[in-house]
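Residue numbers start from 1 in every chain, and the chains themselves are labelled A, B, ... in the order their sequence lines are given, proteins ahead of strands.
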Amino acid sequence: MTQHPLLEQLNDKQRAAVSAPERHMLVLAGAGSGKTRVLVHRIAWLMQEVQLSPYSIMAVTFTNKAAAEMRGRVEELMGSSTRAMWIGTFHGLAHRLLRAHYLDAKLPQNFQILDSDDQQRMIKRIMRSLNLDEKRWSPKQAMWFINAKKDEGLRPHHIDGYDFNERTYKEIYDAYQVACDRAGLVDFAELLLRAHELLRDNSIVREHYQRRFRHILVDEFQDTNAIQYAWVKLLSGGGESTDNFVTIVGDDDQSIYGWRGAKIENIHQFTRDFPNVETIRLEQNYRSTNTILSAANSVIANNSDRLGKELWTEGGDGEPIDLYAAYNEMDEARYIAGQIESWHEQGNALTDVALLYRSNAQSRVLEEALLHARIPYRIYGGLRFFDRQEVKDALSYLRLLVNRNDDAAFERVINTPTRGIGARTLDIVRDGARQRSIPLWDAAKQLANEKVLTGRAANAVLAFIDLMDTLEDDTADFSLGRQVDTVIKNSGLMAMYQAEKGEKAETRVENLKELVNACDNFDQFDNAVNEELTPLNAFLAHAALESGEEQADEHQDAVQLMTLHSAKGLEFPLVFMCGVEEGLFPSQQSLDESGRLAEERRLCYVGMTRAMQKLVITYAEQRRIYGKEMLHRASRFIAEIPPENLHHVRMVSRSQADTTPAMGRFHSGASHEAFAETGYQLGQRVRHTKFGEGTVLNYEGSGAQSRIQINFDDVGSKWLVVAYARLDRC
DNA sequence: GGGAAGCCTTTTTTT
DNA sequence: AAGGCTTCCC
């Protein structure tokens with residue numbers, strides 16, 4: 001029997017998932033097991049073989065990148081357009097629902113989206129208006145509280161407020177929500193919650209979409225939070241419908257977003273809520289060597305409550321995992337740069353190398369070492385384009401143009417550039433708005449007209465109001481690009497940044513020009529949600545929901561630096577996991593709170609399984625954190641790797657490193673001197689009869705009185721007099 | 001309104 | 001260590 005073309009080149013498990021009859025399915029897809037491939041082929045299969053219209057399929061992801069990749073691959077496979085299919089992020093699809101049913105969702109047609117920065121500012125203002133003690137209550141924590149409640153599907157009235165803290169937060173949440181509703185503003189969590197409430201409370205809308213979406217496929221299900229789960233459940237008839245089918249794909253071992261509300265249990269819950277779920281495990285790995293997989297398997301085996309899964313490969317063993325114990329973070333960085341140099345000299349590409357770390361602060365020292373070694377690199381996860389100050393200024397003008405009630409935008413631009421509307425005037429306007437329960441814009445207008453605001457202040461406010469109204473009239477017929485260009489110029493924003501001096505200001509001017517460019521190139525019909533919106537509204541939604549992936553020239557052959565979190569879903573031939581130390585990874589916070597260690601271990605598992613050919617793990621005995629020198633021991637995760645998979649790299653000879661002139665921060669003569677004075681080099685491994693093995697960290701004095709500091713693996717750091725310590729070099 | 005000085009915080013990130 | 005934020009002062 002000839003194989004169906006869609007099933008060719010799939011393994012048995014993948015084939016079973018792709019060609020399964022219509023039913024609920026749980027695909028437990030291990031790292032590198034061809035998860036996206038299965039999803040894409042399944043969608044194609046539903047259309048080709050089950051003869052479903054793309055109209056009746058919804059596919060949900062977490063990131064725009066994943067959604068774009070999925071859509072692209074389905075189109076490639078089908079050779080046809082998938083426009084009718086809803087493929088997008090949870091937030092993108094929720095937004096689409098809200099736009100289509102804004103009246104039912106009790107939103108103004110021109111509602112705008114708040115990003116987390118806007119949200120935090122808004123909360124801060126609310127807290128000020130509530131006269132809360134700023135020392136005691138932080139906007140950040142209030143935001144955290146509000147979002148956590150929204151992610152749980154909770155409104156202020158759902159919160160008891162027995163406890164004083166909760167009561168205060170509840171009050172903030174309440175006032176914040178009132179302010180958002182009045183201003184026509186929706187934060188990210190609100191998109192999901194509103195869409196959920198819309199479906200829950202409106203049977204006509206709900207049943208329409210239930211009839212429409214026969215198949216819903218959800219990627220990375222281990223990262224869903226309560227509201228996302230509830231959302232999928234509502235849309236699919238809650239497992240009770242016989243005409244709706246849900247496929248979830250995920251890996252409980254790669255759940256690394258528990259700290260922002262993701263519930264790994266949603267995977268278990270799915271098998272309970274939905275009938276006859278077929279579970280398919282994809283365990284064959286097409287990415288890594290046997291060595292890397294068995295090490296990763298062995299680390300993750302230390303977690304309990306797993307659904308159970310063991311990765312295997314038909315590939316070879318490959319090289320052992322290198323483990324480098326650095327003396328400090330500079331030494332670690334220098335070692336890594338050296339290894340990358342020899343990898344490059346052997347004719348390998350730098351793009352194939354990734355440096356993964358637990359926290360962003362670690363990148364600086366790595367960067368310095370790469371810079372010094374003249375190795376080009378690229379850092380992921382910086383400030384995104386639409387999040388930049390000047391771009392947000394411009395977007396706020398545009399938002400206010402579209403929706404005068406947008407208090408967040410009003411606050412941002414009212415005096416940017418300065419136009420004589422100071423803090424005092426603003427306070428009066430805020431007060432007036434609060435008393436009359438109206439938006440800031442209306443309050444400003446009324447107060448100026450009523451002469452509550454006097455002379456200069458009133459004139460300035462009226463001039464601003466006139467500026468916005470004129471901008472709206474004048475640019476109504478313009479193309480999007482010209483409209484935005486005019487707003488940036490006539491508002492004075494461009495002139496303000498042009499007047500500033502320095503490299504930073506130049507970049508800001510460039511970014512404003514780039515924003516106009518982006519408008520010119522913006523294809524609103526690229527995204528079906530936007531078809532019914534004005535071009536400007538479509539662009540604003542795009543800016544809020546797709547924060548603009550940095551597309552630095554991808555052609556440059558550069559090493560990639562990123563956090564372990566952002567590495568999820570990616571793969572690289574050579575991977576360095578840096579700073580694998582107790583207190584850093586697993587992080588101190590995760591050690592302090594029970595139950596968080598397992599997630600750190602999963603993060604370690606994610607990091608290790610990024611490596612295709614070669615994995616290098618490094619840690620530093622001593623590291624400067626927040627300006628303080630800290631002593632660390634190797635991470636427990638290292639001890640969880642089978643010894644036969646590990647190769648301990650000996651400390652690079654210090655004297656060799658020191659002979660390189662002009663090493664800047666990386667020139668360390670200290671070790672040299674230490675050797676001359678004490679007979680031991682910094683970073684050297686030694687053994688003590690009582691304390692066991694350790695690493696030499698520091699020294700003082702010379703000759704018979706000299707003392708050295710040793711960080712012992714088991715008992716921590718100690719100062720010993722060299723003459724009496726009877727140390728063995730090892 | 002803007003600059004200097006002092007205080008505080010500090011994981012992980014998408015939308 | 002360093003950046004962000006507030007406050008203070010002209």
Task: Centroid-centroid under 6.0 Å between Phe585(A) and Phe637(A) rings - done: yes

TODO: Answer with base, sugar-phosphate or nothing: what part of the nucleic acid does Asn415(A) contact at a heavy-atom distance below 4.0 Å?
DONE: sugar-phosphate

Task: Within the 6.0 Å centroid threshold, strictly below: Phe145(A) and Tyr173(A) - done: no

Open item on the list: In this structure, how many angstroms lie between the C1' atom of dT11(B) and the CZ atom of Arg364(A), rounded?
Closed with: 17 Å

Open item on the list: What verdict does the salt bridge (Lys or Arg N to Asp or Glu O under 4.0 Å) test give for Asp253(A) and Arg306(A), after you've listed the backbone C-alpha separation in whole Å, the side-chain angles of each residue and the deciding distance to 0.1 Å?
Closed with: CA-CA 7 Å; Asp253(A) 291 331; Arg306(A) 299 174 58 219; 2.7 Å; yes

Open item on the list: Quick check on dT15(B): is either OP1 or OP2 less than 4.0 Å from any side-chain nitrogen or oxygen of Thr89(A)?
Closed with: no

Task: Trp259(A)-Tyr257(A) aromatic ring centre distance below 6.0 Å - done: yes

Open item on the list: Rounding to an integer number of Å, can you tell me how far Glu581(A) CD sits from dT11(B) P?
Closed with: 16 Å

TODO: Round to a whole Å and report the spacing from CD of Gln389(A) to C1' of dC5(C).
DONE: 14 Å

Open item on the list: Could you tell me how far apart Met143(A) (CE) and dT14(B) (C1') are, to the nearest whole angstrom?
Closed with: 12 Å

Task: Whichever of Gly422(A) and Arg260(A) has its nearest DNA chain B nucleotide further upstream toward 5' - done: Gly422(A)

TODO: Find which nucleotide of DNA chain B each of Leu603(A) and Arg419(A) is nearest to by heavy atoms, and output the residue with the more 5' nucleotide.
DONE: Arg419(A)

TODO: Taking only the side-chain nitrogens and oxygens of Ser590(A), find out if one of them lies under 4.0 Å from OP1 or OP2 of dT11(B).
DONE: no

Open item on the list: Just the rounded figure in Å: distance from P of dC7(B) to CD of Glu134(A).
Closed with: 17 Å

TODO: Scan Arg623(A) against the nucleic acid and name what it touches under 4.0 Å (heavy atoms): base, sugar-phosphate only, or nothing.
DONE: nothing

Task: Side chain of Ser566(A) (C-beta onward), nearest among dT14(B), dG1(B), dT13(B) - done: dT13(B)

Task: Closest to the His91(A) side chain, choosing from dT15(B), dT12(B), dT11(B) - done: dT15(B)

TODO: Would you indicate what Asn360(A) reaches in the nucleic acid, counting non-hydrogen atoms under 4.0 angstrom: base, sugar-phosphate, or nothing?
DONE: sugar-phosphate

- [ ] May I ask whether Trp259(A) stacks on the base of dT12(B), given the cut-offs of 5.5 Å between ring centres and 30° between planes?
- [x] yes

Task: Whole angstrom value for the distance that separates C1' of dT11(B) from CD of Glu599(A) - done: 11 Å

Open item on the list: Categorize Thr563(A) for me: base, sugar-phosphate, or nothing, with a 4.0 angstrom heavy-atom threshold over every strand shown.
Closed with: sugar-phosphate

Open item on the list: Counting the atoms with a prime plus P, OP1 and OP2 as sugar-phosphate, which does Lys568(A) contact under 4.0 Å by heavy atoms, base, sugar-phosphate, or nothing?
Closed with: nothing

Task: Residue among Glu581(A), Glu600(A), Glu582(A) satisfying side chain to side chain donor-acceptor pair (under 3.5 Å) with Arg636(A) - done: Glu582(A)

Task: Under-4.0 Å side-chain N/O to phosphate OP1/OP2 contact, Arg128(A) with dT6(C) - done: yes

Open item on the list: Classify Gly420(A) by what it touches in the nucleic acid, base, sugar-phosphate, or nothing, heavy-atom distance under 4.0 Å.
Closed with: sugar-phosphate

Task: Ion pair check, Arg125(A) and Asp407(A), cut-off under 4.0 Å - done: no

Open item on the list: What contact category does Asp223(A) fall into here, base, sugar-phosphate, or nothing, at under 4.0 angstrom with non-hydrogen atoms?
Closed with: nothing

- [ ] For dT14(B), take OP1 and OP2 only and decide whether either is under 4.0 Å from a side-chain N or O of Arg384(A).
- [x] yes

TODO: State whether the distance check finds a donor on one side and an acceptor on the other, under 3.5 Å, for side chain Arg596(A) versus base dT11(B).
DONE: yes

Open item on the list: Taking 5.5 Å and 30° as the limits, would you call Tyr626(A) and the base of dT10(B) a stacked pair?
Closed with: yes

Task: Any donor-acceptor N/O pair under 3.5 Å between dT15(B) base and Ser116(A) side chain - done: yes

Open item on the list: Rounding to an integer number of Å, can you tell me how far Tyr357(A) OH sits from dT11(B) P?
Closed with: 14 Å

Task: Aromatic ring proximity Trp144(A)/Tyr169(A), centre distance under 6.0 Å - done: no

Task: Among dC5(C), dT15(B), dT12(B), the nucleotide that comes nearest once only the side chain of Leu545(A) is considered - done: dT15(B)

Task: Presence of Tyr257(A) side-chain N/O under 4.0 Å of dT15(B) phosphate oxygens OP1/OP2 - done: no

TODO: Whole angstrom is fine here: how far is it from NZ in Lys140(A) over to C1' in dT11(B)?
DONE: 10 Å

